[in-house]
Amino acid sequence: MSDQDLVVETVRDILTGFEPFVLTAERRWDSGLWSALAEAGLTGVGLPEESGGSGGELADAVAIVRTLAAGAAAVPVAEQLLVAGPALLVADLELPSPELPTTFAIGDAVGVHPVDNGDGPGRFTLSGTVPDVAWAGATRHVVVLAPAPSGLSGAVLALVDASSLPAGNGFNLAGEPRGSLVLDQVGTSGALLTAAQASEVRARFALARSVQLAAALERVLDWTVQYAGERHQFGRPLGKFQAIQMELAEMAGEVVAVTALVDAAVQALDRGSPDVVLAAAAAKVRAGAAVEVVARLAHQVHGAIGFTQEHKLHHLTRRLWSWRDEAGSELVWSPVLATGLLADGGDGLWPALTRIV
């Protein structure tokens, strides 16, 4: 058994004690599961030990995120391991303790003013509202990507202590917290990023959601195939009917395509490829497009039972519909992908496609 297999097995063992639950205003995240993961050192995987993390490779962190996503875990691990933590390291900012949940948000409407100077690590004040903050009210820190101060190019990455800041009570379709964070001249440490660095941080966010989408799509397909084999209608399993077989085949094709592009994007990120933004855009666009097909056919095969509160299917399909729109939908990333692929008059289209895939 490889180290990565051991990590995945550990996460699965922990998950067995924390069944997915319907999120409510009183229960917005699984603090018990987070504590168990943190105690096992899993909330710092992929982050260097010398920076306060648990060590390990990007692939290990991705494996954890995939396993938790497939288990409908209500914890901010994807945001911490794949976006917020790595972004802080790129900005040369101090990494908070991995035991304290940290999330990531994009604050395009936030005003940023330097306290000392805006060149490199320093102090800034932030004012404005950051919408749709994942796990708002549940995380101790929020890493905010905001526009650079007036007169400077690029963007500012700031580490905000959100423990005492007002946060809205918004949530996505799955019930996961997505409230707004109100910043009123909040002083914080931050660093100026180049435009290229800021684009990669945004791409990381999209890729994190793509990893979750791919894992959830795979699990929904597995459940649907299993149900079609177990459920009998007119004297034989549903999976024996040609119409159902065609639907399962269509679902499988979507899942395979998404998995291939997500894996390619993760590999591009791991090797520091200049195509990482394009690869992440391709993964997010393809994963988003697959949601409509896979979720629709899964519920069609399951019938009414898939919508009931007691059935497990809706835990993932509601997340699929939510994650599809987060970190940029297909409408956001399709132009990025097209612009990148058609650069230089389209001469680089085929080489770019072969590099991404």
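- Linking ILVMFWY residues whenever their side-chain heavy atoms come closer than 4.5 Å, directly or via other members, places V332 and V201 in the same cluster.
- Scanning all heavy atoms of the two residues, the minimum distance from A203 to A280 falls at O-CB, 3.6 Å.
- With hydrogens and angles ignored, the 3.5 Å screen pairs a side-chain donor or acceptor of S329 with a backbone N or O of L331.
- By the 4.5 Å heavy-atom criterion applied to side chains, H141 and T103 are not counted as neighbours.
- Of the residues L15, I14, V8, the one that meets the side chain to side chain contact (heavy atoms under 4.5 Å, CB included) test with V11 is L15.
- With hydrogens and angles disregarded, a donor-acceptor distance shorter than 3.5 Å links the side chain of R318 to the backbone of L173.
- For the residue pair E94 / S189, no side-chain donor-acceptor distance below 3.5 Å is found, with atom types taken as modelled.
- One N or O on the side chain of W34 and one on the backbone of E99 form a donor-acceptor pair closer than 3.5 Å.
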Which pairs of donor and acceptor atoms, one on a side chain in residues 294-304, lie under 3.5 Å apart (sequence neighbours left out)?
unit_1 : atom_1 : unit_2 : atom_2 : d
R296   : NE     : E292   : OE2    : 3.0
H299   : NE2    : T317   : OG1    : 2.9
Q300   : NE2    : E247   : OE2    : 2.4
H302   : ND1    : A298   : O      : 2.9

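- Side-chain atoms of W333 come within 3.5 Å of backbone atoms of A327 as a donor-acceptor pair (strictly under, hydrogens ignored).
- Two residues are said to be in side-chain contact when any heavy atoms from C-beta on lie closer than 4.5 Å; E57 and D60 meet this criterion.
- Proximity of S180 to T129: side-chain heavy atoms (C-beta onward) are separated by under 4.5 Å at one or more points.
- Considering every non-hydrogen atom in both P101 and T139, the closest pair reads O-CB, 3.4 Å.
- Heavy-atom minimum distance, A61 versus L82: CB-CD2, 4.0 Å.
- Between the side chain of T102 and the backbone N or O of Q80, no donor-acceptor pair lies under 3.5 Å.
- Of the possible donor and acceptor atoms, one in the side chain of S54 sits under 3.5 Å from a partner among the backbone N and O of G41.
- Under 4.0 Å is where a charged nitrogen must lie from a carboxylate oxygen, and between R209 and E79 at least one such pair does.
- Evaluation of the salt bridge (Lys or Arg N to Asp or Glu O under 4.0 Å) test over residues 151-174, restricted to residues two or more places apart or in two chains, returns R140-D161.
- E176 and W323 are linked by a side-chain donor-acceptor pair at a separation below 3.5 angstrom, with hydrogens and angles left out of the test.
- Judged by distance alone, the side chain of T16 and the main-chain N or O of D13 form a donor-acceptor pair under 3.5 Å.
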Original post:
Which is it for E254 and R286 under the salt bridge (Lys or Arg N to Asp or Glu O under 4.0 Å) test, yes or no, and what are the steps along the way?
Top reply: CA-CA 9 Å; E254 293 290 320; R286 192 63 187 85; 2.9 Å; yes

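- Of the possible donor and acceptor atoms, one in the side chain of T43 sits under 3.5 Å from a partner among the backbone N and O of P98.
- The local environment of CZ in F18 is crowded, with over 12 non-hydrogen atoms from other residues, nucleotides or ligands closer than 6.0 Å.
- The closest donor-acceptor contact from the side chain of K284 to the backbone of L207 lies at 3.5 Å or more, if one exists at all.
- Counting heavy atoms from C-beta outward, L126 and V160 have side chains that approach closer than 4.5 Å.
- Side-chain contact between L165 and V182: absent, with no pair of heavy atoms (C-beta onward) separated by less than 4.5 Å.
- Put simply, the side chain of D275 never gets that close to the backbone of L278: no donor and acceptor are under 3.5 Å apart.
- L193 has its side chain out of reach of V156: every pair of non-hydrogen atoms, C-beta onward, lies at least 4.5 Å apart.
- Comment: D108 engages R202 in a salt bridge, judged by a side-chain N to carboxylate O separation of less than 4.0 angstrom.
- Nearest heavy atoms, A174 versus S322: N-OG, 3.3 Å.
- Linking ILVMFWY residues whenever their side-chain heavy atoms come closer than 4.5 Å, directly or via other members, places V255 and W223 in the same cluster.
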